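What you see is a predicted model; the values in this text were computed from it and never measured.
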Amino acid sequence: MGDENSIQKSLEFVKTTFQQYYASNNVALPDRFGRREFAFVLFGGKGMLRHLGFEKREMIWDFLSERAPQHAYYSSAYYQRPDAPKMVEKNWMGAELIFDLDSDHLPNAEKMGYVESLREVKKEFIKLIDEFLLGDFGFKEKHLELYFSGGRGYHCHVKDPAILDLDSNERREIVDYITGRDLQDSLIFHEQATGRKRYGSHSFASGKSLKMPTPDQEGWKGRISRGIIDLVYEIKKSDDPLRKLEEYGVNRHDAERLVAELSEERVRRIQDGLLDQSKTIRKFFLNSALRKTAVSLSAGETDEPVTCDVKRLIRLPSSLHGKTGFKVVKIQVDELKDFDPLIDAVVLPEDPVWIMNQKQLCIEMNNQKYHLEVGEQEIPTYLAVFLLGRKQAILL
């Protein structure tokens, strides 16, 4: 995409734009920043510059305005010696609990455009905050810090003092609960006789159903129950039930069988809290309700969820994301539903720039609608940086 000179020119333009931002904006620093490790990816640099510590705020601000990094990170952990070159020498003192939701980890992520994926990952994030962290775990709002990552997702930092010294295994238990890993149906459902037969003076249980919990029950019981009932309505109201089931990953043969078995009588029984013993129905509803109600957490380099990592590097609040130019924005819990990254995270200037666009694009950003064709275009700086960062355009 473009020759070497064009690519270099584009890179320099983005770096200069970042430099101007950092020169006029002192980024918000995390608490106890002197105990944190900082790390940066520089424009045109190879690898990550890390194991840095800063004793004064001005030192960080000067570094950002002078070096204008493409990406800026800090540790979720606190250390006695954050600038020690080896992890074992840093002396770990505790770490925040980090939840990282990235649209790449959503089901059907590859079929979504950028805007749609941002919308869907925010729904997952709201579920994580409302249902799990504030709901099931009972964390207080004052101990949660929420951020738009500047790229494709959201971060939540849990700063409750009670969790700071949890080890990786203890954090993994929290992850397993939120993702519904190894959730046993026997913990959610119990078998119930659906009738009795008489033989002489004796009566015996005849037929069995799974008794579902009620939707208002706490934790996973109520969550799975609500998920199953929602699925029933979704399938029955769909103009094309077979296609709807295929969207949930059911193959055509099983979908046809399931639709045939999902009679009005069966639907009524499910709504009454009885999940019939039809293996097709039982398997589908349990698996799909779990997938629908659990949260997809992002994995780190080793496919281990980020939450389990007690030495995780996370994006620096108020810094710029090198692939979008968007700001890493802190969000209050009560503002999350109305937060729009394509407005609220756009902080770069509107100065016009000429670019060579490589791909058709329709996007609404900063309350403006853009319909870009392939070829030369004059667009605002904030949109140009977004396209250059995503390698969809070069600077003219």
Side-chain angles (χ1 to χ4, degrees), residues 101 105-108 116 119-138 176-195 205 207-297 336-337:
L101 269 66
H105 291 81
L106 294 174
N108 302 317
E116 183 187 0
R119 204 163 42 236
E120 292 304 310
V121 78
K122 191 172 92 163
K123 291 178 187 174
E124 286 287 291
F125 193 60
I126 290 170
K127 187 200 304 180
L128 169 71
I129 303 303
D130 290 352
E131 293 193 24
F132 290 96
L133 300 185
L134 295 174
D136 290 6
F137 285 100
D176 288 349
Y177 180 87
I178 289 172
T179 56
R181 184 179 179 185
D182 299 330
L183 190 68
Q184 303 292 321
D185 18 334
S186 58
L187 299 176
I188 303 292
F189 303 93
H190 62 271
E191 288 191 345
Q192 175 174 297
T194 55
K208 291 178 182 177
S209 273
L210 280 182
K211 179 65 179 171
M212 284 167 46
T214 56
D216 57 354
Q217 283 186 250
E218 293 181 352
W220 272 107
K221 289 189 174 184
R223 189 172 292 115
I224 289 287
S225 176
R226 292 190 296 274
I228 287 175
I229 290 169
D230 285 349
L231 281 165
V232 170
Y233 281 124
E234 210 175 313
I235 294 162
K236 295 303 286 185
K237 287 182 177 178
S238 173
D239 295 333
D240 190 345
L242 291 177
R243 186 177 174 187
K244 176 59 67 177
L245 288 167
E246 286 172 349
E247 286 174 12
Y248 276 98
V250 182
N251 65 50
R252 189 77 181 184
H253 177 263
D254 285 347
E256 289 172 351
R257 187 173 168 187
L258 204 148
V259 169
E261 291 186 4
L262 204 57
S263 64
E264 292 298 327
E265 171 61 19
R266 269 220 166 94
V267 169
R268 187 189 62 74
R269 287 170 58 73
I270 291 171
Q271 289 166 345
D272 288 345
L274 294 173
L275 194 63
D276 283 357
Q277 287 292 84
S278 157
K279 287 184 179 177
T280 312
I281 286 180
R282 177 175 171 173
K283 181 182 175 185
F284 167 73
F285 279 118
L286 289 181
N287 291 345
S288 300
L290 178 59
R291 200 160 62 242
K292 190 182 179 76
T293 54
V295 174
S296 301
L297 297 176
L336 181 56
K337 286 185 172 64

#### Entry: Close side-chain approach of Lys244 and Val259, heavy atoms under 4.5 Å
no

### Summary
Shortest non-hydrogen pair, Gly180 vs Ala294, comes out as N-CB, 4.4 Å

### Message
Suppose we screen for side-chain contact (heavy atoms from CB on, under 4.5 Å). Which residues come up paired with Val295, at least two apart in sequence or across chains?
### Response
Leu101, Glu124, Lys127, Leu128, Phe132, Ile178, Leu297

#### Entry: For the student: nearest non-hydrogen atoms of Ser225 and Pro215, plus distance
OG-N, 3.4 Å

## Note on the structure
Those residues at least two apart in sequence (or on a different chain) that pass side-chain hydrogen bond (donor to acceptor under 3.5 Å, both in side chains) with Glu218 are none

### Gap separating the CG atom of Asp136 from the CG atom of Asp130, nearest 0.5 angstrom
11.5 Å

### side-chain contact (heavy atoms from CB on, under 4.5 Å) partners for Lys236, two or more places apart
Val232, Leu262, Glu264, Val267

### Task
Would you give the length of the straight line joining atom CG of Leu245 to atom CG of Asn251, rounded to the nearest 0.5 angstrom?
10.5 Å

### Ala289 to Gly227 - nearest heavy-atom pair and separation
CB-C, 4.1 Å

### Message
Check Arg119 with Glu116, please: is the shortest side-chain N to carboxylate O separation under 4.0 Å?
### Response
no

### Query
Side-chain contact, heavy-atom cut-off 4.5 Å: Glu131 with Thr293?
no

### Task
Look up atom CZ in Arg252 and atom CG in Leu242, then write down how far apart they are to the nearest 0.5 Å.
4.5 Å

### Query
So, Glu246 and Arg243, do they make that salt bridge, N to O below 4.0 Å?
no

